[in-house]
Amino acid sequence: MGGSDENRHGVIGPMNPAQGGLRGGGKANPTNGQTRRALSNINKNIIGAPVYPCAVNKRPLSEKNAGCHKKIPQPVPVHRPITRKFAAQLAENNPQIHKEETKSKPLDVIIIDAEEEDGDFNEPMFVQHTEAMLDEIDRMEGIEMEDSDDIDDEEEAVMDIDSCDKKNPLAVVDYIDDIYDFYKKNECRSCVPPNYMENQPDINERMRGILVDWLVEVHYKFELMEETLYLTINLIDRFLAVHHHVARKKLQLVGVTAMLLACKYEEVSVPVVDDFILISDKAYTRREVLDMEKLMANTLQFNFCLPTPYVFMRRYLKAAQSDKKVELLSFFIIELCLVDYEMLQYAPSQLAASAIYTAQSTLKGFEEWSRTCEFYTGYTEEKLMECSRKMAGLHHEAGTGKLTGVYRKYNTSKFGYASRTEPAGFLLL
C-alpha cells in the first residue's frame with residue numbers, strides 16, 4: 001500500500017496563478033521553482049477575516065484574484081440583531097473598527113432600539129428568553145430581600161435537645177417532656193411562703209442561713225449526692241413553714257434529721273444515725289433523732305417526692321448546651337440561693353433558669369438567653385432579670401461575711417475553683 005504523497009518532495013506541483021488551485025497526481029519537475037506555498041502567503045488569506053460576525057468587510061477583488069477562473073464566493077452578510085447598548089460597547093472596546101465603519105459604506109447590520117415597541121418586528125427567541133430570565137432574577141431578588149428582612153425579625157429556631165438520646169433508654173425521650181410538664185405543675189407544692197419565719201417566735205432567717213451553711217459543709221464531708229442537699233433544704237423549709245413552734249436549740253436537730261430523711265430517699269449508701277449524732281458534736285441522742293424523724297415525716301405526710309431546683313438544673317443545662325464551667329458556676333450560684341432566705345420567693349424552676357442565665361452572662365461578659373433555653377424553661381429573659389440581678393449580688397458577696405461554706409466548697413479543684421470567677425458587674429443593681 002502506498003503512502004500519502006503529501007510529504008514527498010516534488011510530488012505536489014507548483015501553484016499556477018492563472019489556473020488557481022493545486023495540481024495533484026503525476027510527478028512534477030523539481031526545477032520549476034518553489035514547490036510549496038509559504039505560510040505567510042496562506043496567512044494573508046486568514047488575516048483579512050472579519051473581527052465580528054455581525055459586520056463583514058467587503059473587499060474588492062485584487063488583480064491576482066481577478067485572474068483566477070474560479071470565482072471566490074462572497075461571504076453572506078450575517079444579520080444579527082444588536083441593540084444600541086451592545087453596539088456602543090463594541091465601538092468603545094475597539095475604536096479602530098469604529099473609525100473604519102464610519103469611513104466605509106454602511107454595513108448590512110440591523111440595529112434594534114431596545115426602547116421601541118414595534119409590533120411589526122418579532123424579537124428572536126433568545127432575546128425573549130433573556131428578558132424573561134432577567135425579570136425572574138429581579139423578582140427572586142425582591143423575594144430574597146423580603147425573606148432576609150423576615151429572618152432578621154424572626155427568632156432563631158428551637159433545637160431538639162433530645163435527638164442525640166433517642167437510643168438511650170435511660171433518657172426516656174418519649175416521656176421526658178411529660179415528666180417536666182408534671183414537675184412544672186407540681187413545683188408550687190414544694191414552695192413555701194417567703195415570710196414563714198414571721199410565724200416562728202424563737203428562730204429567724206439568720207439562724208436558718210447558719211444552719212443551711214453548716215449543712216452544705218456536712219453534705220460535702222459525707223460526699224453525698226447533689227440531690228440530697230436540695231431535698232434536705234426543701235424538707236427543712238416545708239417543716240418550719242407548717243410547724244410553728246420550733247425551739248432554737250432544736251433547729252440543728254431539724255437539720256440533721258432532714259438530711260437523714262433525704263439520704264434514705266436519694267442515697268444508695270445511707271449514713272447511720274450515729275454519724276449524724278457525731279457530726280452534731282453529740283448534741284442530741286439517738287432517741288431524739290428518731291423522734292424528730294417521725295414528727296417530720298408525719299407533718300409532711302411522707303410527701304418527699306417534690307421537684308427541687310436540681311431536677312430543673314439538669315434539664316436546663318442540657319437546653320443551654322453548657323460546658324463544665326457553666327455547669328459548675330451555675331451550681332455555685334444556686335447553692336448560694338439555698339442559704340439566702342429572700343430567694344424563697346422564687347419557684348425552683350425560675351431559680352434554676354436564672355442561675356444558668358447568670359452563669360452564662362458572667363462567663364461570656366454579656367447577657368445571653370437563646371430561643372432554645374426560652375422554649376424549654378418557659379422563661380423569657382425579662383422574667384429572669386430580677387432574680388438574676390440578686391444572684392449576681394450574692395455572687396459578689398460570697399467570699400465576705402460569716403456564711404462562706406458554699407464559697408469554700410467551690411474554691412477547690414474538684415469544683416473547678418468556680419467561686420473565684422469574677423461576678424457579672426453589669427447585672428448588679
Distance-only donor-acceptor check, side chains Ser354 and Tyr379, under 3.5 Å: no
Mutual orientation of the aromatic rings belonging to Tyr357 and Trp369 [parallel < 30°, tilted 30-60°, perpendicular > 60°]: perpendicular
Leu215 vs Thr232, side-chain contact (heavy atoms from CB on, under 4.5 Å): CA-CA, chis, key distance, verdict: CA-CA 9 Å; Leu215 289 174; Thr232 299; 4.1 Å; yes
Chi angles and distances behind the ring pair (Phe, Tyr, Trp, His ring centres under 6.0 Å) call for Tyr196, His244: CA-CA 9 Å; Tyr196 75 85; His244 296 159; 9.0 Å; no
Spacing of Met313 atom CE and Ile333 atom CD1 [to the nearest 0.5 Å]: 8.5 Å
Atom CZ of Phe366: over 12 foreign heavy atoms under 6.0 Å: yes
Exam field: side chain Asp160 to backbone Asp162, donor-acceptor pair closer than 3.5 Å: yes
Working for side-chain contact (heavy atoms from CB on, under 4.5 Å), residues Tyr175 and Val172: CA-CA 6 Å; Tyr175 311 106; Val172 290; 4.3 Å; yes
Lys409/Asp213 ion pair, N-O < 4.0 Å: no
Close side-chain approach of Leu428 and Arg389, heavy atoms under 4.5 Å: no
No-hydrogen, no-angle side-chain donor-acceptor test under 3.5 Å, Glu422 and Thr362: no
Member of Glu205, Gln200, Arg206 meeting the side chain to side chain contact (heavy atoms under 4.5 Å, CB included) criterion with Ile203: Gln200
Distance, nearest 0.5 Å, that separates CZ of Phe332 from CZ of Arg420: 12.0 Å
Donor-acceptor contact present, side-chain Glu288 to main-chain Thr285, <3.5 Å: yes
Glu368, CD: over 12 other non-hydrogen atoms inside 6.0 angstrom: yes
Lys/Arg N to Asp/Glu carboxylate O, Glu374 vs Lys383, below 4.0 Å: no
Heavy-atom closest contact (Ala320 atom, Ile356 atom, distance): CB-CG2, 4.0 Å
Donor-acceptor contact present, side-chain His245 to main-chain Asp202, <3.5 Å: no
Interatomic distance, Leu290 atom CG to Leu295 atom CG [nearest 0.5 angstrom]: 12.5 Å
Would you tabulate the side-chain donor-acceptor contacts of residues 272-279 under 3.5 Å, counting partners in other chains and residues two or more places apart, or write 'none'?
residue, atom, partner, partner atom, Å
Asp275, OD2, Val272, N, 3.2

Plane angle bin for Tyr183 and Phe312 - parallel if under 30°, tilted between 30 and 60°, otherwise perpendicular: perpendicular
Val218 vs Phe222, side-chain contact (heavy atoms from CB on, under 4.5 Å): CA-CA, chis, key distance, verdict: CA-CA 6 Å; Val218 173; Phe222 283 170; 3.9 Å; yes
Exceeds 12 heavy-atom contacts within 6.0 angstrom, atom CZ of Phe426: yes
His243 NE2: over 12 foreign heavy atoms closer than 6.0 Å: yes
Steps toward salt bridge (Lys or Arg N to Asp or Glu O under 4.0 Å) verdict (Asp291, Arg287): CA-CA 6 Å; Asp291 290 342; Arg287 175 50 54 189; 3.5 Å; yes
Closest contact, heavy atoms only, Leu384 versus Ala353: CD2-CB, 3.8 Å
Atom of Val311, atom of Thr308 and distance for their closest heavy-atom approach: CG2-O, 3.0 Å
Main-chain N/O of Ser349 paired with Glu187 side-chain donor or acceptor, under 3.5 Å: yes
Whether Tyr410 and Phe415 hold their rings parallel, tilted or perpendicular, with breakpoints at 30° and 60°: tilted
Distance, nearest 0.5 Å, that separates CE of Met296 from CD of Gln301: 14.0 Å
Heavy-atom side-chain proximity of Thr377 to Gln350 below 4.5 angstrom: no
Pairwise side-chain contact, Tyr230 with Ile334, heavy-atom cut-off 4.5 Å (strictly under): yes
Test log, rule side chain to side chain donor-acceptor pair (under 3.5 Å), inputs Glu293 and Thr257: CA-CA 6 Å; Glu293 182 183 16; Thr257 305; over 6 Å; no
Distance-minimising heavy-atom pair for Ser361 and Glu367: OG-CA, 3.5 Å
Quiz item: cation-pi between Arg315 and Tyr180, 6.0 Å / 45°: yes
Test item: Cys387 and Met343 side chains (from C-beta on) under 4.5 Å apart, heavy atoms: yes
Thr228-Glu266 side chain donor-acceptor pair, cut-off 3.5 Å: no
Contact check, side chains of Lys414 and Tyr220, non-hydrogen atoms, under 4.5 Å: yes
Atom NZ of Lys325: over 12 foreign heavy atoms under 6.0 Å: no
Side-chain touch Ser330/Ser322, heavy atoms, less than 4.5 angstrom: no
Reported CG-to-CD1 distance for the pair Leu251 and Ile236, which is rounded to 0.5 angstrom: 7.5 Å
Distance in Å, Arg408 CZ paired with Glu217 CD, rounded so as to fall on 0.5 Å steps: 4.5 Å
Given Val339, Asp340, Ile233, the one that forms side chain to side chain contact (heavy atoms under 4.5 Å, CB included) with Arg208: Ile233
Met292/Phe239 under side-chain contact (heavy atoms from CB on, under 4.5 Å): CA gap, chis, key distance, verdict: CA-CA 11 Å; Met292 182 58 70; Phe239 177 75; 4.3 Å; yes
Tyr346-Lys390 side chain donor-acceptor pair, cut-off 3.5 Å: yes
Side-chain donor or acceptor of Asp165 paired with backbone N/O of Asn168 under 3.5 Å: no
Validation row: Asn204, Met207 side chains within 4.5 angstrom (heavy atoms): yes
Asn234 side chain to Arg238 side chain, donor-acceptor N/O pair below 3.5 angstrom: yes
Nearest atoms (heavy-atom pairs only) where Ala398 meets Tyr407: O-CB, 3.6 Å
Side chain proximity check, Cys263 to Pro271, heavy atoms < 4.5 angstrom: yes
Minimum-distance pair of heavy atoms, taken over all atoms of Val256 and Ser280: CG1-CB, 4.4 Å
